[in-house]
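Chain A is the first sequence line, chain B the second, and so forth, proteins listed ahead of strands; every chain is numbered from 1. As the structure is a prediction and not an experimental result, all values here were calculated from the model.
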Amino acid sequence: MQDKYQPAAVEAAAQQYWESALAFRAAEDSARPKYYCLSMFPYPSGRLHMGHVRNYTIADALARYHRMRGCNVLQPMGWDAFGMPAENAAIQHGVAPAKWTYANIGYMKDQLKRLGFAIDWSREIATCRPEYYRWEQWLFTRLYEKGLIYKKLGAVNWDPVDETVLANEQVIDGCGWRSGAPVEKREIPMYYMRITAYADELLAALDDLPDWPEQVKLMQKNWIGRSEGVEVHFPYEMATVGMAGVLKVFTTRADTLMGATYVAVAAEHVLAARAAANDPALAAFIAACRQGGVAEADLAAQEKQGMDTGLRVVHPLTGEYLPVWVANYVLMGYGEGAVMAVPAHDERDFDFARKYGLPVRMAVRSTCGAYDDVSAPWIGAYAEHGRLTNSGKYDGLDFQGAVDAIAADLAAKGLGQKRVQFRLRDWGISRQRYWGCPIPMIHCADCGDVPVPDAQLPVVLPEDVQITGRGSPLAKMPSFHECACPRCGKPARRETDTMDTFVESSWYFLRYASRDNPDAMVDARADYWTPVDQYVGGIEHAILHLLYSRFFTRAMRDCGLIGLSEPFTRLLTQGMVVASSYYRMDEDGGKRWFNPADVDVVIDGRGRPISATLKTDGLPVTIGGIEKMSKSRNNGIDPQTLIDQYGADTARFFIIFAAPPDQQLEWSDSGIEGASRFLRRVWAFAHGLGENDGLPFPAALPKTLADPRREIHLRLRQANHDFGKRQFNTVASAAMKILNALEKTARDEAGANAVVREGFSILLRLLSPIAPHIAHALWRECGYGDDILDAPWPEPSADALAQDEIELMLQINGKLRGNIRIAAAASKADIETAALASGAARKSMDGKPARKVVIVPGRLVNIVV
RNA sequence: GCCGGGAUGGCGAAAUCGGUAGACGCAGCGGACUCAAAAUCCGCCGGUGGUGACACUGUGAGGGUUCAAGUCCCUCUCCCGGCACCA
């Protein structure tokens with residue numbers, strides 16, 4: 001054994017051993033419980049970042065732990081390889097997206113291998129390869145034929161200068177990121193996946209996911225947003241609108257219908273267009289609403305603006321005419337693109353009504369009475385439920401009674417009915433981009449939209465392409481889009497849009513199980529491995545990716561491809577990795593960001609950072625606070641430096657130790673030293689461990705050995721509990737505490753060798769999922785066995801934990817005043833007697849009688865005086 | 001704006017069911033070893049007062065429930081994630 005811990009050599013040897021033993025090659029095996037451990041696959045951006053290392057270290061710890069628990073583990077890895085950054089790199093550096101992507105994959109794969117993850121690389125997939133995406137295209141045509149994919153108009157960000165569609169991320173303050181031109185909303189035809197057909201099921205099935213974080217289920221529930229309400233029809237006529245029809249709105253507050261004083265429609269609504277036809281001012285307002293991007297966060301944050309269309313609709317119950325306004329806070333994509341406005345009982349309507357002098361009419365009496373005086377100036381909307389007032393025949397009804405009565409009356413008039421509305425919208429998957437999976441459709445003048453037949457799949461994305469950032473590359477390539485109609489054979493045009501990259505990531509976990517099958521998307525092996533037992537990934541995917549995957553699994557189930565409904569049994573959402581940022585102000589007012597690696601931080605006598613200087617010039621930089629590691633803030637720490645300097649085990653151990661997996665991890669360079677020091681101590685301890693002396697485990701240990709052994713088994717018990725909770729940082733703490741106990745154990749008594757060797761074997765096995773290389777090396781070198789990978793997981797021994805006497809804390813009036821030692825088996829009466837008799841109690845009670853004695857077995861006695 | 005989460009020493013954090021707040025580690029301070037440094041080892045380490053035993057105080061702010069609150073309830077502040085074309 002090397003005296004000194006040399007991680008590079010230890011890790012290379014362990015990795016070589018695993019590789020030549022095919023240690024992580026997974027095969028179906030009905031004899032053991034299977035454990036499919038999946039990490040969200042990375043986008044091949046160039047290099048691993050700290051978030052990747054954290055994600056895969058957590059998953060690897062789980063994979064290795066379950067293997068030692070006797071499971072047949074599958075841990076695959078692949079590449080979410082389509083996406084915008086490859087096109088951006090092509091524009092900036094002139095390198096083809098495919099070439100750039102494959103080079104990145106090569107580099108990052110080496111990095112992953114150096115981290116020693118227990119990955120079955122034989123199952124590697126890259127979504128940009130035709131072998132992968134042909135099945136996505138194949139499924140697209142199935143879903144199209146089933147009616148789960150359809151075409152309609154959808155709004156996009158249009159850059160009028162570059163004549164290209166921009167992602168929300170590429171719209172900065174309402175302008176195109178490259179051209180700087182103001183962005184407009186534009187409606188274009190797009191393909192949509194009918195996820196709303198599964199809204200009810202996706203919502204209800206959240207209850208069948210007990211091992212998902214509550215917060216994720218809650219976010220999904222709110223995203224799907226099922227609401228029960230009433231569809232209300234406001235008729236309109238030739239006289240007031242110039243055509244006859246009904247304006248439909250959906251409301252969850254039909255009880256307030258008698259308080260409606262206007263209706264508001266989205267700028268894209270048909271009535272808005274109608275009114276604008278002969279009203280230039282209104283047309284200008286609608287055009288202004290079209291300015292800016294489509295991101296809902298921006299729309300919701302902007303100031304409420306509106307304009308009277310001059311049109312009037314009829315209140316369905318009173319027959320009164322209500323004005324129709326166009327308002328920028330009404331979204332065309334939600335519900336009917338129109339709302340009834342009740343300023344008295346809705347905050348947004350109230351703000352809008354006050355701004356434009358629209359009437360406020362009370363319909364619900366507040367329970368507190370504060371809003372009852374209709375003549376007093378209104379201070380805000382009363383949005384709570386209450387009994388109706390000022391509402392004619394409905395006066396006095398409560399919320400449910402009023403909704404029922406009003407819905408019944410509307411139904412009788414044919415002007416509405418109760419219905420359910422979802423917030424969830426169908427998923428628009430068309431992208432006017434190059435580096436994505438081509439949508440397998442052909443547009444024929446005679447036959448319309450025709451899916452590409454199976455025999456012609458895959459529609460291969462050409463790799464020899466010029467990316468300029470202007471227009472759609474595929475639309476400029478006749479060799480790609482000129483084709484024959486599969487139905488009639490006449491010249492036709494191939495669809496040049498590609499699919500949203502979320503489509504590839506919605507089913508990749510199924511393909512890992514069948515990745516070498518050229519004849520089918522999935523096969524029986526997927527039935528063995530799925531559902532995924534443990535999914536690990538960033539909390540930022542809590543809604544979209546996870547919801548799309550849940551939808552896709554059901555869509556594939558309904559195509560008869562799989563039997564599964566829920567793809568991920570257990571979910572761990574990992575927190576972000578954040579770090580300090582440093583900057584200087586430029587002359588033009590911009591900030592120039594410096595990487596933490598290039599900055600020296602000056603600390604005061606107590607370790608508080610007080611200033612920072614740049615290493616290269618020694619001049620001060622401003623400390624910009626702690627933020628998500630990102631390119632824009634230049635505060636990313638390259639994990640490669642860490643691995644090169646300390647080794648993979650140290651990097652892994654530190655990342656696990658620094659914070660619980662689901663919480664934000666704040667990067668600090670100094671903490672890594674502690675992890676490194678600990679592993680060096682483990683190595684040194686193994687070096688001085690000594691051979692197994694072969695003596696049997698002593699029947700009765702002296703206290704000097706029983707105490708450390710008890711400590712070790714207590715820590716093991718805690719570690720096992722924490723492993724179950726997925727709280728790995730305290731597992732790492734437990735390992736440190738075990739080493740502390742081992743180092744303090746006296747080695748001169750009979751039985752010491754057995755106690756210490758047992759304790760160290762526990763330590764190595766606890767460490768194995770987190771720092772597998774050093775555990776692998778020391779397990780063999782200390783003679784515990786050949787391979788720690790399949791060593792049995794340790795369990796605490798009842799024997800080691802037993803004790804005759806325990807210590808209880810003694811409280812007087814809830815304040816700690818001392819301890820009492822008492823037999824572990826003592827009754828409550830004995831404990832009370834002992835507590836009252838103790839010196840600490842008599843001193844603190846000051847002669848007053850005990851009013852009450854609270855005893856918590858095994859913990860405390862509280863005497864209330 | 002809407003939805004979700006978070007806040008505990010100088011720092012990362014721990015506290016299993018409402019039961020000793022700050023385990024474990026980092027940084028810092030003091031000491032040992034060394035010609036010296038590094039490494040290593042030992043000790044101290046929330047705040048205030050006290051030589052000390054100890055006392056008081058302390059988990060973002062304010063209120064409440066309880067014998068007992070970091071933990072439960074109400075109100076508020078700040079920070080972070082998501083908001084459908086970043087992945």
Whole-Å distance separating the [atom1] atom of [X] from the [atom2] atom of [N]:
X	N	atom1	atom2	answer
A/Leu763	B/C24	CG	C1'	14 Å
A/Asp662	B/G81	CG	C1'	13 Å
A/Ile831	B/C67	CD1	C1'	17 Å
A/Phe551	B/A84	CZ	C1'	14 Å
A/Leu424	B/C83	CG	P	15 Å
A/Leu714	B/A14	CG	C1'	16 Å
A/Ile770	B/C24	CD1	C1'	13 Å
A/Leu742	B/C24	CG	P	15 Å

Reckon [X] touches a base, only the sugar-phosphate, or nothing at all at heavy-atom distances under 4.0 Å?
X	answer
A/Gln220	nothing
A/Ile672	nothing
A/Asp500	sugar-phosphate
A/Ser505	nothing
A/Val853	nothing
A/His541	base

Does [N] have OP1 or OP2 sitting under 4.0 Å from an N or O in the side chain of [X]?
X	N	value
A/Arg817	B/C54	no
A/Arg431	B/C85	yes
A/Asn168	B/A84	yes
A/Arg677	B/A27	yes
A/Thr730	B/A14	no

*How are the rings of A/Trp427 and A/Tyr548 set to each other: parallel, tilted or perpendicular (split at 30° and 60°)?*
parallel

_Parallel, tilted or perpendicular: rings of A/Tyr508 and A/His545 (30°, 60°)_ = tilted

Taking atom [atom1] in both [N] and [M], compute the distance separating them and give it to the nearest angstrom.
N	M	atom1	value
B/G5	B/C72	P	12 Å
B/C35	B/G30	C1'	22 Å
B/C24	B/A32	P	25 Å
B/U34	B/A39	C1'	11 Å
B/G22	B/G9	P	14 Å
B/C41	B/U59	C1'	34 Å
B/U75	B/G4	P	14 Å
B/C44	B/G52	P	15 Å

Throw together a table of side-chain donor-acceptor distances under 3.5 angstrom for residues 812-819 of chain A, partners on residues two or more places apart or in other chains.
{"from": "A/Asn813", "atom 1": "OD1", "to": "A/Val865", "atom 2": "N", "distance (Å)": "2.9"}

What nucleotide among [options] has an atom nearest to a side-chain atom of [X]?
X	options	answer
A/His721	B/G12, B/A23, B/U16	B/U16
A/Phe502	B/A87, B/G25, B/G81	B/A87
A/Asn740	B/C85, B/A87, B/C24	B/C24
A/Met576	B/A39, B/C24, B/G81	B/G81
A/Leu544	B/C24, B/G19, B/A87	B/A87
A/Glu540	B/A87, B/A13, B/C24	B/A87
A/Met84	B/C86, B/U20, B/C56	B/C86
A/Lys852	B/A87, B/A23, B/C67	B/C67
A/Leu860	B/G25, B/C85, B/G19	B/G19

_For B/A68, does the base pair up with any side-chain atom of A/Lys815 as donor and acceptor (N or O, under 3.5 Å, distance only)?_
no

Euclidean distance, [Y] [atom2] relative to [X] [atom1], rounded to 0.5 Å:
X	Y	atom1	atom2	answer
A/Tyr192	A/Ser430	OH	OG	8.0 Å
A/Phe657	A/Phe678	CZ	CZ	9.5 Å
A/Gln421	A/Thr196	CD	OG1	10.0 Å

*Would you write the dot-bracket representation of RNA chain B, where each base gets (, ), [, ], | or . depending on whether it forms a Watson-Crick or G-U pair under 3.5 Å and with which partner?*
(((((((..(((......[....))).(((((.......))))).((((....))))..(((((..]....))))))))))))....

I'd like to check the side-chain contact (heavy atoms from CB on, under 4.5 Å) partners of [X]; sequence neighbours left out, ordered by chain and number.
X	value
A/Gln718	A/Arg715, A/Asp722, A/Thr730, A/Ala734, A/Lys737
A/Leu202	A/Ile195, A/Tyr198, A/Ile224, A/Leu547, A/Arg550, A/Phe551, A/Arg554
A/Asn168	A/Asn157, A/Val294, A/Ala295

*Report yes or no: do A/Tyr329 and A/Asp349 form a side-chain donor-acceptor pair below 3.5 Å?*
yes

_Could you check B/G9 for me: syn (within 90° of 0) or anti?_
syn

*Does B/C78 sit syn or anti, given that only angles within 90° of 0 count as syn?*
anti

*5'-most contact on RNA chain B: A/Asn729 or A/Val856, nearest heavy atom basis?*
A/Asn729

*Which residue lies more 5' along RNA chain B, comparing A/Met736 with A/Arg425 via nearest heavy atoms*: A/Met736

Whether [Y] and [X] form a salt bridge (side-chain N of Lys/Arg under 4.0 Å from carboxylate O of Asp/Glu) is what I want to check.
X	Y	answer
A/Lys185	A/Glu268	no
A/Glu711	A/Lys744	no
A/Arg681	A/Glu743	yes

Restricting both atoms to N or O, compile the protein contacts to nucleotides 1-3 of chain B shorter than 3.5 Å, with distance only.
{"from": "B/C3", "atom 1": "O3'", "to": "A/Asn222", "atom 2": "ND2", "distance (Å)": "2.6"}
{"from": "B/C3", "atom 1": "O2'", "to": "A/Asn222", "atom 2": "ND2", "distance (Å)": "3.1"}

*When the aromatic ring centroids of A/Tyr535 and A/Phe509 are compared, is their separation below 6.0 Å?*
no

